[in-house]
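Here the structure is laid out as structure tokens; the discussion comes afterwards.
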Number of protein chains: 2
Amino acid sequence: MGNNIVVGYEISKIGKKIKKIKLTKPGLKSGLKREEKRQLKLDAILRHAAAAFMEKGYYKTSLDDIAQLHNVTKPTLYYYVKNKEDILIKCEDVASVRINGLLDQVTACAENGFVQLENFIRGYVEIITDDIIRCHIRHRGQREDRAARNASLKMHRGIEHRVREIIIKGMDDGSIRDCNSTIIAILLFDALNGISAWYRDEGQLNHEELVQQVLLLVTEGVKNKV
Amino acid sequence: MGNNIVVGYEISKIGKKIKKIKLTKPGLKSGLKREEKRQLKLDAILRHAAAAFMEKGYYKTSLDDIAQLHNVTKPTLYYYVKNKEDILIKCEDVASVRINGLLDQVTACAENGFVQLENFIRGYVEIITDDIIRCHIRHRGQREDRAARNASLKMHRGIEHRVREIIIKGMDDGSIRDCNSTIIAILLFDALNGISAWYRDEGQLNHEELVQQVLLLVTEGVKNKV
DNA sequence: AGTTTAAGTTACTCATGGGTAACAATATAG
DNA sequence: CTATATTGTTACCCATGAGTAACTTAAACT
């Protein structure tokens with residue numbers, strides 16, 4: 001530990017030209033603060049943008065709108081973000097980390113498949129309260145750029161795949177009935193993602209009741225077993 | 001039957017000014033053909049537009065794109081449609097009629113609530129194969145115009161309400177277990193509407209299997225009852 | 001201190017695309 | 001066969017909004 005001097009490269013602001021910059025010792029508080037502040041601001045911008053996108057939609061929200069929410073002018077945004085679409089991409093990154101984190105946590109527990117699935121659902125409903133995640137869910141698939149679109153698709157597939165694995169595990173250990181894991185995983189995500197479009201934490205609907213209803217639906221269905 | 005002469009009014013082309021037009025006896029083939037042709041063309045335009053919206057999204061699809069799909073020029077569209085948003089509204093009208101029609105059919109049968117719900121699901125999955133309906137599902141809520149947005153919301157609420165009624169009926173007659181009908185109805189719609197985003201009739205996934213999996217999920221859930 | 005980098009501003013460009021005006025062709029009715 | 005609606009076209013206008021260039025202010029390291 002101590003005073004390790006890291007010298008590296010950083011991709012500069014607007015992309016295009018890549019500028020070589022000697023990074024000074026990040027051990028010093030002031031140095032860290034700089035990067036920290038930048039991260040905080042980026043995060044705030046994402047939050048504002050995500051909120052605006054959720055309220056008015058991506059295309060009806062201008063960069064000026066977002067800038068104003070953040071009390072800066074449009075060009076400033078370009079210091080933190082490559083372009084408008086990049087906002088969605090960055091939101092997706094955040095979402096990817098959080099959802100995969102949840103999956104890590106869930107699959108790490110030595111429970112049977114069904115319980116893991118329950119735990120995932122519980123955690124997911126928690127997560128999709130966050131504006132950035134909601135924004136990602138709503139706008140995934142709108143990527144203009146081919147590469148970005150493919151990356152998005154891939155990451156989405158990955159998550160879906162992990163949930164499918166949980167379901168398969170459940171069928172193996174006997175905790176989940178025989179079913180088409182692909183379809184069930186998709187249906188589950190459709191329902192859960194749908195929640196993110198209408199559920200408000202501040203609303204009158206209690207969070208715990210929502211989770212209960214979802215879990216009951218998934219476990220038992222709605223048919224009355226006399 | 002016979003030669004009943006209907007004289008009425010028609011809302012003219014571009015809205016704005018409402019022009020009174022005496023309709024000539026529609027018994028004559030030529031008279032009918034005119035209106036018929038117009039309707040057919042409007043329908044074709046909606047179809048083309050809906051398909052394009054589904055593929056590229058509403059905002060990335062220009063009116064020129066739609067016009068081209070129909071082998072006409074942009075201004076011609078304005079003869080059939082008030083403006084871009086009006087396309088969505090007209091799609092919604094089509095969707096409303098079809099979905100409510102399905103509900104009429106389903107609720108007319110003297111079955112218990114659960115069976116009615118099953119029948120609705122079966123019919124709904126059928127319906128959401130249609131591009132116009134898919135377009136409506138995906139773009140409902142994007143209305144720019146306040147009045148249009150409210151109308152859209154109202155119609156959507158209406159449909160959701162009818163499904164809730166079915167669920168309540170099922171709880172009354174004992175065919176559906178006790179649950180929060182509001183939440184369950186919404187979750188059901190989220191899952192079903194989600195299907196419209198990815199399911200292709202031409203795809204490898206068999207329609208009947210999809211319906212089976214959905215119905216099983218709704219009836220039994222996924223937990224294995226040993 | 002004084003120089004460098006970060007952070008932000010004002011003032012533009014420029015493509016896109018919705019919508020319209022005015023004109024042209026085609027069909028229908030009388 | 002001519003007058004009148006009905007369809008359609010070409011050629012525009014113009015608002016909007018993404019993205020950039022060039023310049024200014026604030027912060028930080030030596």
Side-chain angles (χ1 to χ4, degrees), chain A residues 5 10-17 19-42 44-45 49 52-53 56-68 70-88 144-145, chain B residues 10 12-17 19-26 28-42 44-45 49 52 56-68 70-88 144-145:
Chain A
I5 298 176
E10 191 189 43
I11 295 166
S12 87
K13 9 189 166 185
I14 316 296
K16 277 188 174 166
K17 309 154 198 166
K19 225 190 205 165
K20 296 176 197 181
I21 296 168
K22 281 188 210 135
L23 298 180
T24 42
K25 327 162 198 171
L28 302 176
K29 263 172 255 163
S30 51
L32 260 184
K33 246 189 195 156
R34 191 94 124 188
E35 254 308 298
E36 243 171 42
K37 255 174 148 177
R38 195 190 164 76
Q39 270 303 324
L40 283 176
K41 279 189 187 166
L42 172 59
I45 288 174
F53 288 163
K56 309 171 56 176
Y58 181 73
Y59 289 98
K60 273 179 270 182
T61 305
S62 71
L63 288 177
D64 283 312
D65 291 338
I66 298 170
Q68 203 164 7
H70 207 245
N71 285 321
V72 290
T73 54
K74 183 173 53 173
T76 301
L77 296 182
Y78 282 84
Y79 187 74
Y80 295 93
V81 150
K82 204 172 128 214
N83 53 36
K84 195 180 183 185
E85 182 155 320
D86 191 39
I87 296 177
L88 293 184
E144 197 111 20
D145 179 55
Chain B
E10 191 190 42
S12 89
K13 6 188 168 183
I14 316 296
K16 277 188 176 168
K17 310 153 197 167
K19 223 192 206 164
K20 295 174 196 181
I21 296 169
K22 281 188 210 131
L23 298 179
T24 43
K25 323 162 201 170
L28 302 176
K29 264 170 257 165
S30 53
L32 259 183
K33 246 186 196 158
R34 192 97 122 183
E35 254 308 297
E36 244 170 41
K37 256 173 149 176
R38 193 190 165 76
Q39 269 304 324
L40 283 176
K41 278 188 188 166
L42 172 59
I45 288 174
K56 310 170 52 176
Y58 181 73
Y59 289 98
K60 273 179 268 181
T61 305
S62 72
L63 287 176
D64 283 313
D65 291 338
I66 298 170
Q68 204 163 6
H70 206 245
N71 284 322
V72 290
T73 54
K74 180 173 56 173
T76 302
L77 296 181
Y78 282 84
Y79 188 76
Y80 295 93
V81 150
K82 206 173 127 210
N83 52 40
K84 196 180 183 186
E85 182 155 321
D86 192 39
I87 296 176
L88 293 184
E144 196 110 21
D145 179 55

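All chains are named by letter (A, B, ...) in the order of the sequence lines, taking the proteins before the strands, and each is independently numbered beginning at 1. Nothing here was measured: the structure is a model prediction, and the numbers come from that model.
- To the nearest 0.5 Å, atoms OH (Tyr78(B)) and CG (Asp86(B)) are separated by 10.0 Å.
- Put simply, CD1 on Ile45(A) is 11 Å from P on dA7(C), counting in whole angstrom units.
- For the pair Lys84(B) NZ and dG19(C) P, the computed distance is 8 Å after rounding to whole Å.
- Regarding Ile66(B), its CD1 atom lies at a distance of 11 Å from the C1' atom of dG18(C), rounded to whole Å.
- Side-chain N/O atoms of Thr73(A) include none lying less than 4.0 angstrom from OP1 or OP2 on dG8(C).
- Taking atom OH on Tyr79(A) and atom C1' on dG19(D), their separation rounds to 18 Å, with Å as the unit.
- In this structure, Leu42(B) places its CG atom 12 Å from P of dT7(D), rounding to the nearest Å.
- With rounding to whole Å, Gln68(B) atom CD is found 14 Å from dG17(C) atom C1'.
- Residue side chain Lys74(A) reaches the base of dG19(D) through a donor-acceptor N/O pair under 3.5 Å, judged by distance alone.
- An OP1 or OP2 oxygen of dA7(C) is reached within less than 4.0 angstrom by no side-chain nitrogen or oxygen of Thr76(A).
- Contacts of Ser62(B) with the nucleic acid, taken as non-hydrogen atoms under 4.0 Å apart, involve only primed sugar atoms and P, OP1 or OP2.
- A residue-by-residue look at Lys60(A) and Pro75(A) shows that Lys60(A) has its nearest nucleotide of DNA chain D further toward the 5' end.
- In this structure a side-chain-to-backbone donor-acceptor pair under 3.5 Å is present from Glu85(B) to Asp145(B).
- Between Tyr78(B) and dG8(D) there is no side-chain polar atom (N or O) within less than 4.0 angstrom of OP1 or OP2.
- Listed pair Lys41(A) / dG8(C) meets the phosphate criterion, a side-chain N or O lying under 4.0 Å from OP1 or OP2.
- Here the side chain of Tyr80(A) is nearest to one of dG8(C), dA18(D), dG8(D), namely dG8(C).
- Once rounded to the nearest 0.5 Å, the distance linking NE2 of His70(A) with NZ of Lys41(A) reads 7.5 Å.
- In this structure, Gln68(B) CD and Leu63(B) CG are separated by 12.5 Å, a value rounded to the nearest 0.5 Å.
- Counting to the nearest Å, the P atom of dA18(D) and the CG atom of Asn83(A) are 11 Å from each other.
- Lys37(A) NZ to Leu42(A) CG: the interatomic distance, rounded to the nearest 0.5 Å, is 15.5 Å.
- Contact annotation: Arg38(A) reaches the phosphate of dA7(C) (side-chain N/O to OP1 or OP2, under 4.0 Å).
- Across the protein-nucleic acid pair, Lys56(B) atom NZ and dT16(C) atom C1' stand 12 Å apart, rounded to whole Å.
- Side-chain N/O atoms of Tyr59(A) include none lying less than 4.0 angstrom from OP1 or OP2 on dA18(D).
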